[in-house]
Amino acid sequence: YEMEGMELRKNKIDTLLGPGINIHRNPLNGRNFEYFSEDPYLTGIMAAAQLTGMGKYGVTGTIKHFACNNQEFKRHDANAIVSERALREIYLKGFEIAIKDAQPMSIMTSYNLINGVQASENKDLLTGILRGEWDFNGMVTTDWWTHGEHYRETKAGNDLKMGNGYPDRVKKAYDKGAISRSEMETSVKRILELILKLD
């Protein structure tokens, strides 16, 4: 994994969009090749090793897709109905291990809904668990062109809207009082901190 970090550094790339650490739950998932395992513990340990190795060259990985993104079919719209126990013991455990053991600087949310809430708009997941319980202090980005509403994603703790944001909709939400300046500044601060760390 150190060689991966060296390759990124030599190519002037600061952040790998990976590792992908979703759990193998269905053999027909078209992205299983990208994920490590059906075992959350093994997944977390392997992801932490990759992130630590890459970090020796001053680059980071963006662990993804947070969370419950375990199928390709309708992955933009799928609603993962999952109990709290299964969520924490299966779907989140690899992320928790990787974050606590390797301190990645960024994480990518998933397209899907979790129990009816867009993962990218899920404040319990992004602010409560990720930042509150696990002490993650990096930047959170959406996956590309997620269906989440930009200002709600920002309020939930998602800092960057990829591959493009919707500033006009955020401005409209701000004008209506649906999002505050301080909430937007929090996201801007985390984005700038990541840039400065990787410069």
Side-chain angles (χ1 to χ4, degrees), residues 1 4 15-55 60-148 152-153 156-160 162:
Y1 292 129
E4 187 173 30
T15 307
L16 176 74
L17 294 179
I21 63 173
N22 294 110
I23 301 298
H24 291 190
R25 296 296 279 171
N26 184 323
L28 301 179
N29 182 359
R31 305 234 348 226
N32 276 348
F33 74 92
E34 180 178 355
Y35 305 142
F36 290 117
S37 170
E38 70 281 359
D39 182 279
Y41 177 75
L42 179 61
T43 293
I45 294 299
M46 290 178 71
Q50 182 175 353
L51 292 161
T52 301
M54 289 166 38
T60 191
T62 300
I63 55 176
K64 61 182 188 176
H65 306 90
F66 193 63
C68 300
N69 185 77
N70 303 92
Q71 68 181 55
E72 280 301 284
F73 181 68
K74 293 187 176 283
R75 71 183 179 127
H76 288 85
D77 308 298
N79 184 14
I81 306 296
V82 59
S83 70
E84 181 80 10
R85 180 176 178 181
L87 182 66
R88 288 183 179 269
E89 292 183 1
I90 300 171
Y91 300 103
L92 297 183
K93 184 55 72 176
F95 287 97
E96 180 182 6
I97 292 168
I99 287 164
K100 288 182 175 179
D101 289 359
Q103 292 85 46
M105 296 181 205
S106 58
I107 189 168
M108 181 187 291
T109 56
S110 54
Y111 290 122
N112 54 280
L113 293 84
I114 303 171
N115 295 327
V117 179
Q118 289 281 342
S120 60
E121 296 178 2
N122 195 319
K123 190 167 188 173
D124 288 339
L125 187 66
L126 302 178
T127 300
I129 295 173
L130 180 63
R131 292 200 166 95
E133 294 181 24
W134 300 347
D135 295 322
F136 175 75
N137 60 8
M139 184 203 73
V140 177
T141 179
T142 68
D143 206 337
W144 266 237
W145 300 287
T146 179
H147 291 174
R152 286 199 300 262
E153 291 170 334
N158 225 315
D159 303 307
L160 185 64
M162 294 300 293

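Quantities reported herein were computed from a predicted structural model and do not represent experimental measurements.
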Do any pairs count as a salt bridge (Lys or Arg N to Asp or Glu O under 4.0 Å) and have a residue in residues 114-129, sequence neighbours left out, and if so which ones?
-> E121-R152
CG-CZ distance between N22 and F66, expressed to the nearest 0.5 angstrom = 10.5 Å
For L126 and G157 the tightest heavy-atom approach is CD1-C, 4.2 Å
side-chain hydrogen bond (donor to acceptor under 3.5 Å, both in side chains) partners of H76, counting only residues at least two apart = none
Decide yes or no on side chain to side chain contact (heavy atoms under 4.5 Å, CB included) for D101 and I45, but give the supporting numbers first.
-> CA-CA 8 Å; D101 289 359; I45 294 299; 4.2 Å; yes
Please examine the side chains of F95 and I129, heavy atoms only from C-beta on, and report whether any two atoms are closer than 4.5 Å.
-> no
Could you give the distance from CD1 (I107) to CH2 (W134), rounded to the nearest 0.5 Å?
-> 7.0 Å
Drop me the distance from S37's OG to I21's CD1, to the nearest 0.5 angstrom.
-> 11.5 Å
Could you list all the ring pair (Phe, Tyr, Trp, His ring centres under 6.0 Å) pairs where at least one residue sits in residues 21-41, not counting sequence neighbours?
-> none
Rounded to the nearest 0.5 Å, how far apart are CG of N158 and OG1 of T146?
-> 8.0 Å
Contact summary for N69 and S110, nearest pair of heavy atoms = CB-CB, 3.7 Å
Indicate yes or no for a side-chain donor-acceptor contact from Q118 to the backbone of S120 under 3.5 Å, with no hydrogens or angles considered.
-> no
Can you tell me how far CG of L16 sits from CD1 of I63, rounded to the nearest 0.5 angstrom?
-> 12.0 Å
Indicate the atoms forming the closest heavy-atom contact of S106 with T60, along with that distance.
-> OG-CG2, 4.4 Å
In this structure, OG of S83 is separated from CD1 of I90 (nearest 0.5 Å) by 7.5 Å
side-chain hydrogen bond (donor to acceptor under 3.5 Å, both in side chains) against T141, all qualifying residues, sequence neighbours excluded = none
Listed by chain and number, what are the side-chain hydrogen bond (donor to acceptor under 3.5 Å, both in side chains) partners of D135, not counting sequence neighbours?
-> none
With E34 via salt bridge (charged side-chain N to carboxylate O under 4.0 Å, His left out) - residues at least two apart = R31, K64
Check whether any side-chain heavy atom of L92 lies under 4.5 Å from a side-chain heavy atom of L125, and answer yes or no.
-> yes
When every non-hydrogen atom of E72 is compared with those of G30, the smallest separation belongs to CG-N, 3.6 Å
Looking only at atom types and distance, does a side-chain atom of N122 sit under 3.5 Å from a main-chain N or O of V117, one as donor and one as acceptor?
-> no
Starting from the C-alpha separation in whole Å, work towards a yes-or-no answer on side chain to side chain contact (heavy atoms under 4.5 Å, CB included) for N115 and I81.
-> CA-CA 5 Å; N115 295 327; I81 306 296; 3.9 Å; yes
Which residues pass the salt bridge (charged side-chain N to carboxylate O under 4.0 Å, His left out) test with E96, sequence neighbours left out?
-> K93, K100
Main-chain N/O of N70 paired to N29 side chain as donor or acceptor, under 3.5 Å | yes
Side-chain heavy atoms of L130 within contact of I99, under 4.5 Å | yes
Would you mind listing every salt bridge (Lys or Arg N to Asp or Glu O under 4.0 Å) that reaches into residues 39-54, with sequence neighbours excluded?
-> none
Please list, chain by chain and in numerical order, all residues satisfying side-chain contact (heavy atoms from CB on, under 4.5 Å) with N26, sequence neighbours excluded.
-> L28
Specify the closest pair of heavy atoms between A48 and A102, including all atoms of both residues, with the distance to one decimal.
-> O-CB, 3.6 Å
Any residue meeting salt bridge (charged side-chain N to carboxylate O under 4.0 Å, His left out) with D143, in chain and number order, not counting sequence neighbours | none
Those residues that, when tested against R131, pass salt bridge (charged side-chain N to carboxylate O under 4.0 Å, His left out) (two or more places apart) = D159
Which pair of heavy atoms, one from C68 and one from A80, lies closest together, and at what distance?
-> CB-CB, 3.8 Å
Contacts of E38 meeting side-chain hydrogen bond (donor to acceptor under 3.5 Å, both in side chains) (sequence neighbours excluded), chain-then-number -> none
Considering only heavy atoms from C-beta outward, does the side chain of W144 approach that of Y111 to under 4.5 Å?
-> yes
M105 vs T15 side-chain heavy atoms within contact, under 4.5 Å | no
